[in-house]
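Just below is one structure, and these are the notes that go with it.
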Amino acid sequence: MDKLQAIVDQYQKVPGGLIEAFHAVQDEYAYIPEEALRRLAKAFEVPLARAYGIASFYSYLSLKPRGQYIIRICKSAPCHVKGAAEVVKTLEEELAIRMGETTPDQLFTLEFTECVGVCAETPVITINGEPYGDLTSAKVKEILAQYRQPQ
Ligand code: FES
């Protein structure tokens, strides 16, 4: 993990650098591996339990392996009313995983999110931050097909 050392070097002297380093690790690996957690705790001179506490406090940091594409389903009321449950059902069926899980090929992870600010187009998902709205089961399948093709 040479990249990990580069991250340590970049953020070690920065105020609040540990959180920045966690972000950088997650950008690199899509989650925070155990080895990274240990090395960052040591480099930033915090107890491992505290580093773990920080990493698990923030919902946008993950200690579990995640997919290349993070699909977030808006669960706020307007999306809920307009059929988010149907979108969840389609995604779970198509990907053969449940919410919170990652496909065995590490391509997709399913997560819930709060309102992403595209409420005029409910129900909404984001894929790596890119919003897709006015979803139907058919549209969800089309979108997944695009992401399944080699990019
Ligand atoms: S409520 Fe779903 S995007 Fe705003």
Side-chain angles (χ1 to χ4, degrees), residues 1 3-4 6-8 10-11 14-37 40-41 44 46 48-151:
M1 279 197 181
K3 287 175 183 165
L4 199 47
I7 290 169
V8 168
Q10 185 176 355
Y11 294 107
V14 176
L18 180 55
I19 304 254
E20 298 290 327
F22 277 143
H23 277 281
V25 167
Q26 180 148 303
D27 286 346
E28 187 63 40
Y29 302 102
Y31 78 111
I32 300 171
E34 166 99 24
E35 183 191 342
L37 191 70
L40 290 184
F44 285 85
V46 298
L48 183 59
R50 178 160 160 67
Y52 180 86
I54 293 168
S56 52
F57 176 77
Y58 294 99
S59 62
Y60 44 81
L61 295 175
S62 176
L63 293 162
K64 286 194 310 190
R66 295 154 95 220
Q68 182 181 348
Y69 299 115
I70 311 296
I71 302 178
R72 293 199 168 98
I73 298 101
C74 174
K75 65 172 183 178
S76 294
C79 278
H80 180 72
V81 170
K82 289 289 285 294
E86 189 62 29
V87 171
V88 168
K89 185 167 172 275
T90 303
L91 284 166
E92 287 185 335
E93 282 174 6
E94 285 293 307
L95 299 177
I97 56 172
R98 307 301 301 268
M99 292 302 300
E101 294 180 347
T102 297
T103 54
D105 62 2
Q106 304 274 296
L107 199 56
F108 296 103
T109 295
L110 290 179
E111 296 179 349
F112 281 115
T113 183
E114 302 298 333
C115 175
V116 294
V118 198
C119 319
E121 298 174 22
T122 56
V124 174
I125 62 170
T126 62
I127 303 183
N128 289 3
E130 177 79 20
Y132 295 88
D134 291 326
L135 294 174
T136 60
S137 282
K139 202 165 165 187
V140 167
K141 289 175 190 175
E142 276 173 32
I143 293 165
L144 286 179
Q146 290 168 25
Y147 280 87
R148 279 177 164 141
Q149 285 169 8
Q151 304 273 314

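Just so you know, ligand 1 is whichever comes first in the structure, and atom 1 is the first atom listed for that ligand.
Put simply, the side chain of Arg66 never gets that close to the backbone of Tyr31: no donor and acceptor are under 3.5 Å apart. Although no hydrogens or angles enter the test, the distance criterion places no donor-acceptor pair under 3.5 Å between the side chain of Ser76 and the main chain of Glu114.
Other residues, nucleotides and ligands place more than 12 heavy atoms under 6.0 Å from the CZ atom of Phe44.
A distance of 13.5 Å separates OH in Tyr58 from CD in Gln26, rounded to the nearest 0.5 Å. Note that SG of Cys115 is 12.5 Å distant from NZ of Lys75, once rounded to the nearest 0.5 Å.
Only protein atoms were considered; those of element N, O or S under 2.8 Å from atom 2 (Fe) of ligand 1 number 2.
Ring geometry for Tyr147 against Tyr132 counts as perpendicular: the plane angle is over 60°, on a 0 to 90° scale with 30° as the lower cut.
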